[in-house]
Amino acid sequence: MRVIRAEFMGLCFGVRDALAIARETKDPSAVTIYGELVHNPTIQEELSSRGFRVVGEMDRETVELTDRVMVTAHGISQRRMDLLKAQSTEIIDTTCPLVRRVHEATQTLQSENRLVILIGRRKHVEVQGIVEDLRQCIVVEDLDQIIDWKAPLLGVVSQSTTTPELAQRCLSRILELNTHADVRYVDTICRPTRQRQQALEALCQSVSLVIVVGGKHSNNTRQLAQRCLELGCKAIQVESAYELQAEWFADVSVVGLTAGTSTPDGTIEEVAKKLARISPTQRRRHNLETGYETYKNS
Ligand code: SF4
């Protein structure tokens with residue numbers, strides 16, 4: 001089977017840098033990683049096996065910390081940073097500079113007395129970190145949550161991994177329902193997210209099925225799969241090559257490949273190799289054995 005790769009996919013510089021810092025860290029067993037360094041099970045296992053104390057995102061508040069704490073690329077609020085500093089002797093901060101940019105933008109908008117509207121996933125750690133430092137912040141996940149907030153000044157930003165398409169649709173709706181308000185929009189979508197989304201749009205013009213590689217907890221991986229569907233392409237999200245099943249490709253001669261910003265290069269290569277090895281014979285046999293005609297998107 002022919003595999004067409006998206007021009008941009010996989011690890012972004014923010015995640016690469018965070019991983020490089022972790023891999024260079026001396027005495028990992030003395031370090032607590034404060035949440036998932038990367039939303040990817042392969043990397044999480046690697047870090048655990050090197051001795052890092054890995055704390056789930058839901059357990060961050062209750063866990064007893066070591067003397068050294070590593071803050072992930074998703075960042076945390078200043079309030080939480082101060083609490084950590086009071087408890088720990090050393091902070092290893094791997095916050096991505098493009099996440100910092102979202103924090104700074106919201107602080108600026110708040111200082112202008114604007115009601116801050118953040119387009120993103122309410123439960124995502126990046127969003128929680130931003131919200132915790134603001135007096136008031138409305139998190140909008142989709143169009144149906146947008147109302148007339150009756151505020152004279154609005155400031156709109158996005159989580160760094162929000163799709164440009166969703167951000168644009170939300171912004172248009174905010175302007176439409178808040179005609180009386182002065183609305184300032186700051187584009188905080190990070191460049192790697194934008195590049196991967198644009199590359200996916202180009203890819204979807206050449207294929208009808210895309211394999212999206214990435215962790216089930218990865219926001220941008222999920223968004224890549226969702227965007228495929230919006231573009232009229234089928235999408236299947238897998239975390240590793242082991243999940244690929246030949247019968248998915250019974251009627252497919254060309255398949256697209258993309259991956260989220262937290263997917264390691266090795267995982268992408270394994271998936272690409274396995275896809276290329278799925279032969280027409282294998283696909284036909286599965287088709288005959290299972291009577292399979294169309295796959296269901298999971
Ligand atoms: S996805 Fe964007 S904001 Fe998040 S770590 Fe990567 S570069 Fe930074």
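Along the sequence shown, residues carry numbers from 1. In listed order, ligands and their atoms are each counted from 1.
The environment of Arg191 atom CZ is sparse: at most 12 non-hydrogen atoms of other residues, nucleotides or ligands sit within 6.0 angstrom. Counting non-hydrogen atoms of neighbouring residues, nucleotides and ligands closer than 6.0 angstrom, the NZ atom of Lys273 reaches no more than 12 such neighbours.
Close approach to Phe13 involves these atoms of ligand 1, each under 4.0 Å from a residue heavy atom: 7 (S). Every atom of ligand 1 with a heavy atom of Cys190 under 4.0 Å away is listed here by number and element: 1 (S), 2 (Fe), 3 (S), 7 (S). Using a 4.0 Å cut-off to heavy atoms of Pro192, the atoms of ligand 1 that qualify are 7 (S). Heavy-atom proximity to Thr261, at under 4.0 Å, picks out these atoms of ligand 1: 1 (S). Against a heavy-atom cut-off of under 4.0 Å, Cys96 is close to the following atoms of ligand 1: 3 (S), 5 (S), 7 (S), 8 (Fe). Listed by number with element, the atoms of ligand 1 under 4.0 Å from a non-hydrogen atom of Val99 are 3 (S).
Within the 4.0 Å heavy-atom criterion, the part of Thr161 lying near ligand 1 is the side chain and not the backbone.
Side chains of Asp27 and Ser29: a donor-acceptor N/O pair is present below 3.5 angstrom, by distance only.
Atom 3 (S) of ligand 1 has its closest protein heavy atom at Ser160 OG, 3.3 Å. In this structure, atom 6 (Fe) of ligand 1 lies nearest to the protein heavy atom Cys12 SG, 2.2 Å.
Atom CG of Asn220 sits about 14.5 Å away from atom CZ of Arg227, to the nearest 0.5 Å. Between atom CG of residue Leu118 and atom CD of residue Glu141 there is a gap of 10.0 Å, rounded to the nearest 0.5 Å. Note that the CG atom of Leu203 and the CE atom of Met9 stand 8.5 Å from one another [nearest 0.5 Å].
Salt bridge status for Lys216 with Glu243: present, with a side-chain N to carboxylate O gap under 4.0 Å.
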